[in-house]
Structure formats: structure tokens, C-alpha cells
Amino acid sequence: AFSWNLMLCAYSRNHDIELARRVFDAMPERDAVTWNAMLAAYSRAGHIDQAQEIFDSMPQPNIASWNTLLSMYALSGRLERAHHLFNCMPQRNLMSWTTVLAAFAERGHLDYAETLLQKMPEKDLISSTIILTMFAKHGQIEKAKHVFAEMPHVDMVTLNTLLTVNAQSGDLEKTRSVFMSMPERDLISWNAMLSAYGQLGNHVGDSSKFFRDMPERDLVSWNSLLAAYVQNGHFDDAYEALQNLMPQHDCVSWSTVMHGFVLYGQLERAENMFHEIPVQVLACQNLMLSAYSQAGRLYEAKE
RNA sequence: AGGUCCGGUUUGUUGC
């Protein structure tokens, strides 16, 4: 089964689910890895029913099988189902706990997530960081800081999260001092700091200088720069960057610049951009809808 | 020895 499994996994990683299934069906014998790989393939592809079918046919699901199924339901937002599975599982490991925790935290079930955290037999950096992020995203900054203070160890991801926490509490100096004190930084650290400058800085120049000094940049960095421009009223610079400087754009770039136009009363320019967008983007549609409504242009809003 | 478990962090819109 070993080499067949390799083939199955290769197809699955390539998103070729049909071929993966054909290998699966052709196999003279299957082991636990085979079943789990097929299950993971369907789960990755979002084929929930087929995944469930594989799981139900498994001779002996192990902890990896349960976790795969659990993660599938958690990620697709079927929390009751995920929670039910979690309770029914014959064993749970750290990953099972964290998957459920992340699902509830993500959806803003703060109290329940906190209870889960307390019930966890072992916690690690990841579970604490999930809770930290959850509190930060829901504006519970003091609680987030408390979670951080209780953590015995931290790593770069935790510190990256702390950058965001401090930025959300409006403290640019603190954000900067965390950034400076980090033993190592990755692109996410740099992007988080850039975003803090955009939200809290008083001068666009600080954002663009920081941007220039970055060791590398990606689309998120560029989009954060656009947001910094917009935040400070420089919608034309944002548009200029989008048109002439950015190596790529995405729907975040478009909606950021369009939002700049809307904020500063340039509804026609927002409109023009909206019509130039190559694909339909829900966020941009929402933006135009809200802009038309606020301008009393109900006919266009309805359109 | 080596194969299966997609658990955490950064950017935009509307709503909450």
C-alpha cells in the first residue's frame, strides 16, 4: 500500500481528486494512511458528503481520521456538528482541542472558547494565541493583554499578534517598541507594523518611509500602504499607486481605493473604478450600495 | 528511517 499511498497523496496535493479516487479504488489493499489520505482529499476539496461517506466506510478510524473530519466541519462553520463529533470522539489530542477552540473563537463565541481553554488538558502556544487573537479581534484588549501576560513562552507568531493587540488599543509607541524588541521578524511582523502606522500614525510619510525600508513586500504590504493613504485623505496617491506602482492588485486593493473615493466625496470616480473591475466583488458591491444609499441615489442603489 | 490529521499571527467593504 505504501507506494500507492504516495501516488494518492500526490494527486490529492495537486487537487486532482478524481485521479486520487481512481487510485483509491484500484488499490489491492488499503491501510489506515490510505483511508485518511482519501478522507483528507475530499475534505480539502470541500466535498463534505463524500468525506463523510469515506469516514463512515473506514474499518478503523484513528485520531487523524477524527481530526480531519472535525476540522472539516469546523472550517465550514458547522459548529454544532463539529462540537458533537468532538464529544463523540474516542480520544482527543491537542489538535482536536485546538481545532474546536479555533472554530468557536473565530465565530466570536468568547465565553465558550474561554471555557474550552480552561478545560483543555494541555495548552500550548497555539491555543493561547488563538484566545489572544480572539480577544483582540473583539476589542477585549485588557483580556488579550492578560492572556499574553500569563503565557510562559512566546514565539514570533505570538509577538506578531501582540503587535496587532497594541495597535488595536491605539498605542503606536507600544506597538513600535514590541516590533523593535522582537528577536526575529517575518513579513507578517513588518506588515502588522506598517498597518499600525497607517491606522495610528499622523503622517502618511511615516507609512511610506517604513514601506520603503521593508526588506520584502507582498500584496498585503501594498494594500496596507493604500489603506494608509486613504486613512489620511490621500486618495489620489492611493489611486496612483494602484495604477502605476503595484505589481499586482486584488479585490482588497480595489475596495480600499474605492472606499477612499467614497469617503472624500468622489462618488463618480468610485463608480468608474467599480465598472473597471474585471470580476464581481461582493465587498465593492456593498461599498457602492452603501455609498449610493447615503447619497440618496436610491435608483442606483437598487440597480 | 521515510507516506495520512488543511490547529495560531498581518491588509479592504457592509452588517453585528
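Naming: A, B, ... by sequence-line order, numbering from 1 per chain.
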Go through the side-chain N and O atoms of Gln231(A) and Tyr197(A) and say whether any donor and acceptor fall under 3.5 Å apart.
no
Does one side chain, of Asn232(A) or Asn202(A), offer a donor that lies under 3.5 Å from an acceptor on the other?
no
Assess whether one donor atom and one acceptor atom, taken from the side chain of Ser65(A) and the base of C5(B), lie less than 3.5 Å apart.
no
So what does Ala40(A) touch, heavy atoms closer than 4.0 Å: a base, only the sugar-phosphate, or nothing?
base
Any N/O pairs under 3.5 Å between the protein and nucleotides 9-11 of chain B? List them or say none.
from	atom 1	to	atom 2	distance (Å)
U9(B)	O4'	Thr161(A)	OG1	3.4
U9(B)	O2	Asn160(A)	ND2	2.7
U10(B)	O2	Asn191(A)	ND2	2.9
U11(B)	O4'	Ser224(A)	OG	3.2
U11(B)	O2	Asn223(A)	ND2	2.9

Report the C-alpha separation of Glu268(A) and Arg297(A) in whole Å, then their side-chain angles, then the decisive distance to 0.1 Å, and conclude whether the salt bridge (charged side-chain N to carboxylate O under 4.0 Å, His left out) test is met.
CA-CA 12 Å; Glu268(A) 317 310 319; Arg297(A) 293 167 61 170; 3.5 Å; yes
Using whole Å, what does the distance between atom P of nucleotide G8(B) and atom CG of Asp124(A) come to?
12 Å
Assess, by modelled atom type and distance only, whether the side chains of Gln52(A) and Tyr73(A) contain a donor and an acceptor separated by less than 3.5 Å.
yes
Intermediate values then yes/no, salt bridge (charged side-chain N to carboxylate O under 4.0 Å, His left out), Glu106(A) and Lys137(A):
CA-CA 9 Å; Glu106(A) 171 87 38; Lys137(A) 284 207 166 132; 5.7 Å; no
Would you please indicate yes or no on a ring centroid separation below 6.0 angstrom for Trp190(A) and Phe179(A)?
yes
Does NZ or CZ of Arg217(A) come closer than 6.0 Å to the centre of the six-membered ring of Trp222(A), within 45° of the ring's axis?
no
Output field: ring centroids Phe261(A)/Tyr239(A) closer than 6.0 Å:
yes
Is RNA chain B part of any stem, that is, at least 3 consecutive Watson-Crick or G-U pairs with both distances under 3.5 Å, and where?
none
Got a list of protein N/O to nucleotides 14-16 of chain B N/O distances below 3.5 Å?
none

Between Asp236(A) and Arg269(A), is the salt bridge (charged side-chain N to carboxylate O under 4.0 Å, His left out) condition met? List the steps.
CA-CA 11 Å; Asp236(A) 267 317; Arg269(A) 297 183 67 186; 3.1 Å; yes
Rounded to whole angstrom units, what separation is found between the CE atom of Met72(A) and the C1' atom of U4(B)?
16 Å
